[in-house]
> 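Got a structure for you, questions after.
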Amino acid sequence: MCGIVAVTGYKKALPILINGLEKLEYRGYDSSGIAIINSETNSITCNKAEGKLKNLISNLNDQNIPGTVGIGHTRWATHGKPELKNAHPHTDSAGTIAVVQNGIIENFQDLKNKLEKEGISFNSDTDTEVIPHLIERELNTLSKLNLENNGSTLLVAVRNVISDLEGSYALAVLWAEAPTSLVVARRQAPLIIGLGEGEFICASDTPAIANFTNIILPMEDEEIALLTPLGIEIYDSNNERQYRNPVSLKVSEQIMDKMNFKHYMLKEIYDQPGTAKNWLENYLIKNLENGQYQIKYPFDTKFLKSIERIEIIACGTSKHAAMVGSFLLEQFAGIPANVFYASEFRYSPPPLLPNTLTIGVTQSGETADTIAALDMEIKRRSSIDDKKFKPNLIAITNRKESSIGRQIPNIIDICAGIEVGVAATKTFFAQLLSFYGLAIKFAHIKCSRSSNEIDKLITELLKLPPIIEDLLEKHNKSSEKLAHDFFNIKDVIFLGRGINYPIALEGALKLKEISYIHAAGYPAGEMKHGPIALLDKKVPVISIASSGEVFDKVISNAQEAKARNSYLIGIAPEINGTEIFDYLMQIPSSNEWISPLLNIIPLQLLSYHIAAHRGLDVDQPRNLAKSVTVE
Ligand code: F6R
């Protein structure tokens, strides 16, 4: 949610800020703004625009703001509508302090009331605007102690202010009186410092830094830092100076290239054969002695032996991957598994049971609900003095360096490469693969499947890359054509059963989030218990009918829809029974276990083409953001 970029050094700040904001726009695009310490006037020049970053760029209209220290922000609205007055940066009354913030200040109303009583007037409806006013008040108090007007004084003022803030935030502060300094701080929202030569950039995510340097220092929770061209000072919440080594950015975290695709989303759908290949090369390792493949995750998996049940915590698309995962873990590997919405788990966790593995799934590694739910689970388990209840944790993420990467020691990095399109596609696919890996591992450890059955599943996984390539080849044009006929529909129902029920949910989520068409996914057998009332000839039904255990049942459920005049689209192999479909998006016959990995491809393509046909901003759909760092 919201992207922050801040820079101090010797190069002109404006192009660095704009370049950083371009890379962060996926985090929010309701408005954007920059503030720079103008080196000619030693005052702060602020510029903001409503809507997409291109509006800010056209506002700036080649303006040449001199100055090498600045902050920038791209907003996803929480407090206050997406209007100009609510765009960041926000300033104090004199305009000498500027602040950008990502997060939510939960006690802002109390703070605002107090400031208003002191005579401060506010220009926005945001929670953030209290911060520059509080810093101003703090600096006034500090000036009475004869502290110099410099970065260290600003650091003290910001530290005092954040001790009064409740909620989660990442923020960056400029003060015209300390013209080379930047103060940045974070609590439960990401912030990374990039180390250049004699200059530093700080941002919410690595793409904003990658053009500048590949040496980074992720800030830890509750840290505050002073950045000047001469160096950085980082302090923890006890005001202890922190010293640690920087790390290098992975190449995959640096590349954001649309190549010849019209949208990142289409490119990322097309990345999936490569994603599969990469994942298989990383985690499916051939034992040279016996020629058999094994899953090798990069942590000691001995602790999995004692696991008796699994709880998986996730949101959105990651939750759908978790649902397929839980199906595999229970039905293939024989371990009881439950999936929870992270936002629900936080306030109604299940009673604690012993020998439980908790898995957090988040492509961004920053989703506030998921991080907080995991945090809560770690705390409540750690407080019990019985090792059967201790936290056993695994995280499945695309961002090893993210908050979840620091929170959980056992990381399955899905290695999907950076995903720019807000709608998750290749990261979903790679999360699925990671669950196949876990199910294989557990089936092996628990001896719940024969070596033959395990080998069969592994063989199917190994065949994936060319199959996915063929599916893309086959369905890109056909789904574009189908989109032409369906771009104006109002409602779509997605049906699936068993392992493909979560794929129906994911198909519906993809369609609604990028095309704004109402779509709902149901377990196919559940349709007759209510949703069937929605059906008529204007409501197409997309039915996932893979060969296997529930094929006949899904076909019968599709019949029920056909009898209500719905246009039927099948995601199915061309076998007896599928002639019922008005349109068949043909999938090669496969082992049912593997079918979600195939069925999702035409659904992604169809959603993409419908949204593109409607002329919508596929990569940055309205009201959404790639990384949801607020509760
Ligand atoms: C859907 C989508 C969202 C995310 C959800 C969780 O395309 O992108 O539903 O899946 O916000 O995000 P992560 O996986 O980053 O925790």
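In listed order, ligands and their atoms are each counted from 1.
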> Please list all pairs meeting ring-ring contact (aromatic ring centres under 6.0 Å, His included) that have one or both residues in residues 608-631, counting only residues at least two apart or in different chains.
H263-Y608, H484-H613, F487-H613
> Tell me whether R186 is salt-bridged to D221, with the criterion being a basic N under 4.0 Å from an acidic carboxylate O.
yes
> Looking only at side-chain N and O atoms, does T425 offer a donor or acceptor that is under 3.5 Å from a partner on Q604?
no
> Which pairs with one or both residues in residues 417-442 pass ring-ring contact (aromatic ring centres under 6.0 Å, His included), sequence neighbours excluded?
none
> Mind listing the N or O contacts between ligand 1 and protein, cut-off under 3.5 Å?
{"from": "ligand 1", "atom 1": "7 (O)", "to": "T317", "atom 2": "OG1", "distance (Å)": "3.3"}
{"from": "ligand 1", "atom 1": "7 (O)", "to": "A424", "atom 2": "N", "distance (Å)": "2.9"}
{"from": "ligand 1", "atom 1": "7 (O)", "to": "K510", "atom 2": "NZ", "distance (Å)": "2.9"}
{"from": "ligand 1", "atom 1": "7 (O)", "to": "E513", "atom 2": "OE1", "distance (Å)": "3.2"}
{"from": "ligand 1", "atom 1": "7 (O)", "to": "E513", "atom 2": "OE2", "distance (Å)": "2.5"}
{"from": "ligand 1", "atom 1": "8 (O)", "to": "V422", "atom 2": "O", "distance (Å)": "3.3"}
{"from": "ligand 1", "atom 1": "9 (O)", "to": "T317", "atom 2": "N", "distance (Å)": "3.3"}
{"from": "ligand 1", "atom 1": "10 (O)", "to": "T317", "atom 2": "N", "distance (Å)": "3.0"}
{"from": "ligand 1", "atom 1": "12 (O)", "to": "T367", "atom 2": "OG1", "distance (Å)": "3.4"}
{"from": "ligand 1", "atom 1": "14 (O)", "to": "S318", "atom 2": "OG", "distance (Å)": "2.5"}
{"from": "ligand 1", "atom 1": "14 (O)", "to": "Q363", "atom 2": "N", "distance (Å)": "2.8"}
{"from": "ligand 1", "atom 1": "15 (O)", "to": "T362", "atom 2": "OG1", "distance (Å)": "3.3"}
{"from": "ligand 1", "atom 1": "15 (O)", "to": "Q363", "atom 2": "NE2", "distance (Å)": "3.2"}
{"from": "ligand 1", "atom 1": "15 (O)", "to": "S364", "atom 2": "N", "distance (Å)": "3.0"}
{"from": "ligand 1", "atom 1": "15 (O)", "to": "S364", "atom 2": "OG", "distance (Å)": "2.6"}
{"from": "ligand 1", "atom 1": "15 (O)", "to": "T367", "atom 2": "OG1", "distance (Å)": "3.3"}
{"from": "ligand 1", "atom 1": "16 (O)", "to": "T362", "atom 2": "OG1", "distance (Å)": "2.7"}
{"from": "ligand 1", "atom 1": "16 (O)", "to": "T367", "atom 2": "OG1", "distance (Å)": "2.4"}

> Could you pull out every donor-acceptor pair under 3.5 Å between side chains of residues 338-346 and any protein atom, sequence neighbours left out?
{"from": "R346", "atom 1": "NH1", "to": "D369", "atom 2": "OD1", "distance (Å)": "3.4"}

> Any salt bridge linking D30 with R75? Criterion: basic side-chain nitrogen under 4.0 Å from a carboxylate oxygen.
no
